[in-house]
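We use all heavy atoms of the structure for the numbers below, so side chains are in, but hydrogens, waters and symmetry mates are not. Convention: sequence-line order gives letters A, B, ...; per-chain numbering from 1.
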Amino acid sequence: MTDTAHAGHLETATGLDNRKLAIWTFIGSECLFFASLISNYLVHKETWLTGPGPFPHEAWTSPAGKVFEPIIEIPLVTLGTALLLFSSLFVVLALANAQRGNRKGLLLWLGLTLLCGVFFVGMQVYEFTHFVHKGLTLKTNLFGGSFFVLTGFHGTHVTIGVIWLFTLWIEAFRGKIPPAKSLNLEIAALYWHFVDVVWVVIFPVVYLIK
Amino acid sequence: MATTALDQQRAHAAAGHEPTGLWSWITTVDHKRIGILYGATAFTFFLMGGIEALLLRIQLGTPNNTFLSPETYNELFTMHGTTMIFLAIMPLSAAFFNFIIPLQIGARDVAFPRLNAFSYWVFLLGGLFLNASWLFGAAPDTGWFGYANLTSKQYSPGLHVDFWMLGLQTLGVASLAAAVNFFTTVLNMRAPGMKLMRMPIFTWMSFITQVLLLLAFPVITVALILLMFDRFFGTNFYVPTAGGDPLLWQHLFWIFGHPEVYILILPAFGIVSEVLPVFARKPLFGYAAMVFSGIFIAFLAFGVWAHHMFATGMGPIADTYFSLATMLIAIPTGVKIFNWLGTVWGGSIQYKTPMYFALAFVAMFIIGGLSGVMHGSPPADLQQTDTYFVVAHFHYVMFGGSIFGLAAGAYYWWPKMFGRMLDERLGKLHFWLMLIGFNLTFFPMHILGLNGMPRRVYTYPEGLGFEELNLLETISAFLLAASFAVFLYNIIKTWRGPRNAPADPWNAATLEWTIPSPPQEWNFAEIPVVHGRDPLWEAKREHGGPLPEPPKVSGAGIHMPNPSYWPLVTALGLSAMMSGLMLIHHLGPWGIIAGGAILLFGVFNWAFEPAG
Amino acid sequence: MPLTPASRHLRRWACVLPLLVLVAGACSPGHYPQTTLRPLSDFARIGDDIQNNTLYWATGVFVLVEGALLYAIFRFRGRPDDPEPSQVHGNTVIEIIWTVIPALILAAIAVPTVRGIFQTNAIPTGDVLRVDVVGHQWWWEFRYPTLNLTTANELHIPVGQTVSLHLGSADVIHSFWPPRFAGKRDVFPNRETRLWFKAERAGEYPGQCAEFCGIQHARMAFRVRAQSPAEFQTWVAHMQTLGTKPAAAAPARDSVHTASAGATVRSDPQAAPPAGPTDPAYAAGEKLFAAKGCVGCHSLTAVNAPKGLVGPNLANVGARTYIAAGTLKNTDENLAHWIRDPQGIKKGVLMPNLGVTADEARSLVAFLRAHQ
Amino acid sequence: MDAHATSAEPERSHPSVGVYVRIGLVLFVLTALEVGLYEFTYGGHAGPAGAAIQPFFVPLLLLLSAGKFALVAMFYMHLKQDHRLFTGVFVFPLIIATVLILGLVVLEAYHFAFARAG
Ligand code: HEA
Ligand code: HEA
Ligand code: CUA
Ligand SMILES: [Cu+2]
């Protein structure tokens, strides 16, 4: 992805790489994207008890007398959260290896990052299906809607990150990420960390705060 | 096939010839060509928006008119507003970002040329998508800010809102991609010596615009996503019966919408700040104040959104905050106005067409700004809101402001873009028709609004006193249209003429005028080194007079990015996804999947294509 | 024929004068019954005073700045061969001045604004008349909870008493706007909003929905009928007698409102007194009203009226100035036309065409006209 | 950031692997604290102390998560060492985003409170 018009004039005015500046710009913009989604979630907290359950932290008895347990399962999500945090650690280690030209280290840590990412997505898929089985869908109530949309868009970001990192893993495997090109990984890593810190906010807001 | 075409072009370029032909435009990544594409497309959409407005005006010319059915009227004002804002003014500004910014900062192209092409294609496809709704008899009909819950499935069945929602979503992608690109370009691609505080003021204002785009568009993206889930997937974010809240839409929309109006005006501020000094033959007065007031306006833009919502009854504390914050914007804007005055004051004003438009811009924008301040006072705004007084306000800022500013830019940069001088006499005719037509069309709206004429009504009854002024407005709107007919004629006439423009026809100050008109593909044979704010004036002063005409050079050894069609493929994939979404109840997920596959295919080929 | 200078002069004025008259007429608020510029209540005055204050300042700024601009445009005209003017880059003192002066002007605008914000947001207490306003696509429902009355499209209020409006919506967002009495207040399906004012003068005044609410947003007007306290009491007492059967002798339609400029005077009462229950057309109409399904959407009782009906309450429909939310004058012809072809008159309206024949319509009109 | 870098400024060296791992541990501990806090306030281990914590629960949680956020941004995303421009490009939107969330929640809460009181 070397898409810059810096032919014959390699330095930029700030001395910073175009792509790195661009990804930071994009991340800045994404802050507003997730802020809006989080606002949506919080705003509906007031009213999401309208409509049928189940609900996150409250047990609920349907008019027909069916009892719904609180739906959120903190241990499972804690595991996912930890995995995502560790993946952030792994990807900086992968980057450090890439910068030092240690291809094996790079492949190892990047591979672990990918595994964590895949597990996180898997965790979410499991959680979503589990919720659906328990009767919570997008349409059930506003908790369902705002929960699935917020965590779903986060999950989509993670999935894109996984695909991106996987491409880089293959590139690395084919020896196409020498230290001079470690920036390719650094950029993907920045995105990955950002997706991670978004989860750092979502986790307490959605799962822990009643 | 394709590769050979690319090869040919590469060979062409190496030999120093500009590639020509349709294919070269489809695969172009040259910021100048993309700028021209933006300009031509946006101007076409502007004419469409204008024709829509003329139809609205015919309907409103007389009371109880039946020229248009209520549905058609509602579709027309919605599409008129949406078209003018998203398909005319924003991309017309983008045309100038594209063509002018790299030239002004002494760069050979933008930071990401292929991303730039992608932005254009997405914009084009988004605009076509939105207007395709006419063919299905389902043009959007809920107003340009589409308030929930009127847009819900229950109250707006059919495809009208779907077209609007997905069309805007697509256009948002284009704007965001372009914003990332130009943000990076301005920061990173400046020629040596061009410090931030030496940047031409147009580049500065455009840069601030990119920041606004970056921060405002994600919010409407989310607002539209929520609407999309409501309409397609049965959520209830805006559906009150299920606990959802239509007011949330208003908040999200205006958090985007208010910064959006500064997205519309800041580029025009920039253009005018270039034109006034050149034709007054005096440097811009208070350069630093101009820059900081622009930044301040952008910053405040995020804190005033609810002044569009005074009638919702937000309570005294919120009203007070939003009212005071709104009024505060008058201060930095006033600083700009006074600095423009200071610029022409004591100058030696050369009355060329661009200067006419620039001066009229200042005069008209003041009127719109002052009515804006009147809106900023909630107890008064409760009467003004949703009347023609608001319609008058925003046409004064958007037409009297943005369009006059963009027209100044068009006349000013036309010779640079096409190597031809537009006809001065026709230009002035265009100007006078436009100035008079504009004021006669929109000034009476103030009076009508304060005297009780609500907006967005397809007709009004007799006896409320609205007849005379509405008829006057309708007639004047045609005068306004005539002014654009003159402009079109000027373009055609000039097109037939020779390429007669020198490199620096206006005795200007900035780098784009140091190179031939039109510029060669690589812009600068040698990247310039900048020593001050008005590099060309300084060079001329040093030289003791006009500089000699810059020579055309062969360009051998200058490496330019390769043309590529992957941006177009990717954009097509995105549009296919949007169409798939709209047809989800017919195709199931397959449309989306197919679109997504094309998108991914495009992205991967793009990523692994040698950029040259 | 050559014109003398004087007659040329005359000619010119002959062209200009009518134009001037037209413009002057078009600019005077008296020309506009729905104007916001001649407030008739305490609430509207607060906004009007603030608007005037702002407008004065704005006019001052306008004259000064545009004047300076025009002066510069003419004064500093230059020719290409003129020497380069002196290259001024800025002036800190003057820049500070033109930052501070606008700030002071804004303060002069902001102070009354903030005061006005708190005044208009105060919740009225004491002797207030509560009215619940419900916006429907595309008509207005008015309920008087303390009087247990319901009516539609005409808001009756007493002069001199503060009315406290509690507003809501049955479907989408609308905006309630009685320009002579108050600014707009949006109505929402999921929250209550508030508005209040004390009318100062009797009369009938137009109002309008001001938030785009679908295909017939333009035709969602209403009337405010401000009445003297005594008249209002009479009206209340009369309305409270309106059950399914109208009172035998409906009071003559009140045409006593002062003919103040801008207020529409009640049209003369229909020449013929309204038909009573004994009229055969009335009886036929009554049957049709049930048979055609009108009852499904319309109530004919003002007292204890059911909530949530699709159509407006018709208990006193015979006495309204307009029908269908300002679309038509309430004449027998129009009413019959409306009953036969609401979709043709107000496209998209939520009242279907029910296949009423001309004869049936006549009976229905007789029946409805008696509901005054 | 106005300074015109003449040569691509070699970014100040990134932290060592040891620092990364230590940050990772801290992140893990902070997460554990978050969950623990929940457990002791509302969860299975909520004792009498839980009620006492409740008023501080949300601020504490937000503080913990802000800490994690800052650690990742500063060390893993290298904001601490990299060019200040990156910090600006990230933190400015972050501020606007935070204000936006707060503003929306407050405005909507007010509206609902008002609607109910009415
Ligand atoms: C180019 C676009 C543009 C611009 C620049 C502006 C500029 C401003 N706008 Fe406008 N506005 C719109 C586009 C724009 N607006 C649109 C499209 C809508 C309607 C949307 C819809 O409903 O469809 C709208 C609606 C709108 C409203 C909502 C009205 C309503 O619906 O009830 C308000 C309320 O406060 C407002 C205020 C302002 C203010 C205070 C400014 C200020 O920025 C103006 C500042 C400028 C000046 C004040 C003049 C120059 C200053 C001086 C000469 C200094 C001295 C002056 C003083 C001391 C007063 N605008
Ligand atoms: C930049 C923005 C912009 C511009 C330039 C305009 C331009 C015009 N607008 Fe605007 N308008 C809006 C933005 C804009 N508008 C918005 C946002 C709304 C709100 C929508 C909503 O409520 O949702 C609105 C609403 C709006 C209304 C209110 C509708 C209503 O509330 O019911 C009216 C009514 O008169 C109107 C009229 C006009 C007119 C007459 C022009 C004219 O100036 C147009 C002049 C231009 C032309 C006429 C070009 C055509 C030229 C030719 C035809 C030349 C001939 C050549 C050929 C045929 C080849 N507009
Ligand atoms: Cu109801 Cu507009
Ligand atoms: Cu605004």
Between [options], which has the largest tally of heavy atom pairs under 4.5 Å with chain B?
| options | result |
| --- | --- |
| C:D49, C:V88, C:D48 | C:V88 |
| C:L70, C:T36, C:V187 | C:T36 |
| C:S175, C:G348, C:A182 | C:A182 |
| C:S86, C:P102, C:P189, C:P112 | C:P189 |

Can you tell me which portion of [X] sits under 4.5 Å from chain C's heavy atoms? Options are side chain, backbone, both or neither.
| X | result |
| --- | --- |
| B:N507 | neither |
| B:L448 | side chain |
| B:Q384 | both |
| B:T459 | both |
| B:F389 | neither |
| B:S69 | side chain |
| B:Y238 | neither |
| B:L341 | side chain |
| B:A148 | backbone |
| B:R533 | neither |

Heavy-atom side-chain proximity of [X] to [Y] below 4.5 angstrom:
| X | Y | result |
| --- | --- | --- |
| B:L284 | C:H89 | no |
| B:V362 | C:E66 | no |
| B:M327 | C:I109 | yes |
| C:Q34 | B:N451 | no |

Sort [X] into side chain, backbone, both or neither according to what part of it lies under 4.5 angstrom from a heavy atom of chain B.
| X | answer |
| --- | --- |
| C:F188 | side chain |
| C:Q137 | side chain |
| C:F176 | neither |
| C:R75 | neither |
| C:A221 | neither |

If we count only N and O atoms by modelled type, under 3.5 Å, do the side chains of C:Q87 and B:W537 hold a donor and an acceptor together?
no
Could you tell me whether the side chain of B:Y351 and the main chain of C:I73 form a donor-acceptor pair under 3.5 Å?
yes
Using side-chain contact (heavy atoms from CB on, under 4.5 Å), reason through B:Q250 and C:I173 one step at a time and then give a plain yes or no.
CA-CA 11 Å; B:Q250 295 192 17; C:I173 300 174; 3.4 Å; yes
Atom pair CD1/OG1 of C:I117 and B:T320 - distance to nearest 0.5 Å:
4.0 Å
Look up atom CZ in C:F212 and atom CH2 in B:W144, then write down how far apart they are to the nearest 0.5 Å.
15.5 Å
Whether B:K282 and C:E84 form a salt bridge (side-chain N of Lys/Arg under 4.0 Å from carboxylate O of Asp/Glu) is what I want to check.
no
Less than 4.0 angstrom from a charged side-chain N to a carboxylate O is my criterion; do C:D82 and B:R281 meet it?
no
Does B:F285 have its ring centroid less than 6.0 Å away from the ring centroid of C:W98?
yes
